[in-house]
Amino acid sequence: MPKHIFITGGVVSSLGKGITSASLALLLKRRGYRVAMQKLDPYLNVDPGTMSPFQHGEVFVTDDGAETDLDLGHYERFTDINCSKASNYTTGKIYSSVIARERAGEYLGKTVQVIPHITDEIKRAIRSAATDDVDIVLTEIGGTAGDIESLPFLEAVRQYVLETGRGNAIVIHLTLLPYIRAAGELKTKPSQQSVAVLRNIGIFPDILVCRTEVAMEEDHRRKIALFCNVPPELVIEEKDVRHSIYEVPPELAAQELDTKVLDLLRLPVHRLDLSTWDEILDSVLHPTRTCRIALVGKYTSVRDAYKSVYESLEHAGIAARAKVVVDSIEAEELEESTARLEGVDGILVPGGFGNRGIPGKIAAIRHAREHNLPLLGICLGMQCIVIEFARHVLGWADADSAEFSASTAHPVIDLMDEQRKVTRKGGTMRLGAYPCILTKASVSAGLYGAETISERHRHRYEFNNSYRDDLQKAGMRIAGTSPGGHLVEIVELGDRPFFVGCQFHPEFKSRPDHAHPLFRGLVNAALDHAAK
Ligand code: GLN
């Protein structure tokens, strides 16, 4: 039977519970354990797929096509273990299953209630991650202790811990020690109160991880331990890291968080091998080169909206021992003039939905094409590459995506027949991993070093095959297609070192110790540009 670790959060949101959970999972994996991770989110959306990136940040897509919370991106990047549909449950998803069971008559005449029916469904969700091939399941509970919405989840955790028994399940509470600058003091009261909230509902955290700006004193540790009912050695400090989130795992290992967890779970402590991780950090901390990449998007004010894209650029930097400076530019700012792009070494146009910002993205792509700058267009970015090429190289001024213009005579990006029939929004895009066959002698094939690849998708519109010949004749290379050639997956401009658009989202598969080939391609070309 797998052991369980539950991670809750207190005081405020955005404490970095996902990164803390992922860091612990990495340490346990590097001590030889098979780990699985999941996130339980208290909001009512069935998944974050229909939420605005302003609200929720990026939607992370798994191989099996689940649209999930961005914390799953941290899980995958830190542990290099792929998540699945069983890795993210929301209140909406839990209630949908309970209501479906009720309609199917499965509750045999009973009144259906939060306890036990919703909590049973949550426990089933937790159990679904506890498969035979896993030693330890880490379950992060979204939200903050004290939220009305998280109550059923916390109640399910209480029951789960009780039922699994001592030594088989533990609760780690991540909390904040605010630093009052004027008084020069770290405050422990909010943490005491958030632990009191948990105790009220029957959860007794085994370990406290305290986020703090400044180092904790022995006194703080003793005070927190006494008031929060944990031994002082199980109060762990998680100080803000200076350069990169990839510093968190070694920091936690230095305080033996992982071995303390294993002791509580009554599991043997094997040797920790963080050698490859140390190499990553060494490269992050001591870059030898630098380049500047413009990220031209429409949610640039929210860093989380392009989380995996930023991370992937950092990974490519790590691989090249280079610092990648990302200049986030609102696409709308480029509509009048592309002056903001002066001095950049490469451009990245990420995915997105809807009309806003399209002219600016197209202007950025045109700038890259005309100034011979490295360019990576992802999903909507690739679609904009095709539109820009059709408009300015083929001279079809009205070329557009059917997403933005119903009346264009040149819908170079359009819906496929099966998508035309779709009437619902949630979960109906082309989602998850699909194979792609690369064209020999293309830039992409060279970078991947493979003929067949698999990449994750999240989009409705596709390259319109009616225009394939015209675009190819004018110099656009089809560098990757679905097996059989029906769907265009990658376009390139043949005569460039790196001018690539991909219909899929490479950012979901990049890892700190193996940067994604397309991001490596962009960053290496940008480094060459910077060196000129
Ligand atoms: N809006 C485009 C589509 O649905 C692109 C989606 C994306 O960039 N993820 O096809």
Side-chain angles (χ1 to χ4, degrees), residues 59-65 67 82 308-309 312 348-353 361 365 374-390 399 401-403 411-419 428-494 496 498-510 515-522 525:
V59 173
F60 188 81
V61 181
T62 57
D63 266 347
D64 65 352
E67 297 176 273
N82 285 345
S308 297
V309 172
S312 304
L348 191 152
V349 182
F353 295 84
K361 289 181 181 179
I365 291 164
L375 172 84
L376 175 59
I378 296 176
C379 207
L380 179 68
M382 173 268 199
Q383 299 176 353
C384 288
I385 290 177
V386 176
I387 297 168
E388 194 280 326
F389 192 82
S401 162
E403 183 179 2
V412 287
I413 304 293
D414 203 355
L415 288 178
M416 291 285 173
D417 286 342
E418 56 271 28
Q419 276 292 341
T428 53
M429 285 185 263
R430 177 144 84 101
L431 285 167
Y434 285 86
C436 163
I437 313 294
L438 298 175
T439 309
K440 285 198 181 63
S442 61
V443 170
S444 301
L447 286 163
Y448 277 96
E451 277 170 29
T452 307
I453 56 167
S454 167
E455 293 282 1
R456 299 182 191 171
H457 295 65
R458 180 174 185 252
H459 59 102
R460 249 180 254 289
Y461 293 81
E462 305 278 353
F463 183 106
N464 185 343
N465 284 328
S466 324
Y467 298 100
R468 216 192 257 206
D469 283 348
D470 288 327
L471 287 154
Q472 277 181 294
K473 275 191 205 116
M476 182 165 272
R477 178 189 292 137
I478 307 299
T481 64
S482 56
H486 185 53
L487 299 170
V488 171
E489 294 277 10
I490 306 179
V491 297
E492 294 178 356
L493 286 197
R496 308 299 173 96
F498 192 86
F499 197 101
V500 176
C502 52
Q503 187 56 81
F504 49 80
H505 289 271
E507 70 271 27
F508 298 140
K509 290 188 70 171
S510 187
H516 192 282
L518 295 184
F519 281 89
R520 272 197 282 116
L522 173 69

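Only this structure's heavy atoms are used, side chains among them; waters, hydrogens and symmetry mates stay out.
R460 and T428 share a donor-acceptor pair across their side chains, judged by distance under 3.5 Å alone.
In terms of heavy atoms, L431 sits closest to R458 at CD2-CG, 3.6 Å. Pairing each heavy atom of I365 with each of C384, the nearest pair is CD1-CB, 3.4 Å. When all heavy atoms of S444 and I490 are compared, the closest pair comes out as OG-CG2, 3.5 Å. Taking every heavy atom of both residues into account, C436 and E489 meet most closely at SG-CB, 3.6 Å. Between I453 and F504 the shortest heavy-atom distance is CD1-CZ, 4.3 Å. Between C379 and G351, the shortest heavy-atom distance links the atoms CB-CA, 4.2 Å.
Note that CD of Q383 and CD of E403 are 6.5 Å apart. Values are rounded to the nearest 0.5 Å. Put simply, CZ on R456 and CG on D63 are 4.0 Å apart, with the number rounded to the nearest 0.5 Å. One distance of note links OG1 of T481 with CG of L438; it measures 8.5 Å at 0.5 Å rounding. To the nearest 0.5 angstrom, M476 atom CE is 5.5 Å from L493 atom CG. Remark: L376 CG to E507 CD distance equals 8.5 Å, nearest 0.5 Å.
Between L487 and Y434, the closest side-chain pair of non-hydrogen atoms is not below 4.5 Å. Counting only heavy atoms from C-beta outward, the side chains of E462 and V488 never approach each other to under 4.5 Å. No side-chain heavy atom of F508 sits under 4.5 Å from any side-chain heavy atom of E455. The shortest distance between side-chain heavy atoms of V443 and R496 does not fall below 4.5 Å. By the 4.5 Å heavy-atom criterion applied to side chains, E492 and T439 are not counted as neighbours. Side-chain contact between M416 and H486 is present, with heavy atoms from C-beta onward closer than 4.5 Å. Under the 4.5 Å side-chain criterion, counting only non-hydrogen atoms from C-beta, V349 is not in contact with E388. A 4.5 Å side-chain heavy-atom check between L348 and I378 finds at least one atom pair inside the cut-off.
Checked by atom type and distance alone, the side chain of N464 pairs as donor or acceptor with a backbone atom of P411 at under 3.5 Å. Although no hydrogens or angles enter the test, the distance criterion places no donor-acceptor pair under 3.5 Å between the side chain of K361 and the main chain of G377.
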Pair F463-N465, side-chain contact (heavy atoms from CB on, under 4.5 Å): steps then yes or no: CA-CA 6 Å; F463 183 106; N465 284 328; 4.2 Å; yes
Full working for side-chain contact (heavy atoms from CB on, under 4.5 Å) between Y461 and L380: CA-CA 9 Å; Y461 293 81; L380 179 68; over 6 Å; no
Intermediate values then yes/no, side-chain contact (heavy atoms from CB on, under 4.5 Å), V491 and V500: CA-CA 6 Å; V491 297; V500 176; over 6 Å; no
Trace of the side-chain contact (heavy atoms from CB on, under 4.5 Å) decision for K440 with E451: CA-CA 8 Å; K440 285 198 181 63; E451 277 170 29; 4.0 Å; yes
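Here Y448 and H516 bring their ring centres to under 6.0 angstrom of each other.
Heavy-atom neighbours of Q472 CD from other residues, nucleotides or ligands within 6.0 Å: above the threshold of 12.
A tilted orientation is assigned to the rings of H459 and H457, their planes being inclined by 30° to 60°.
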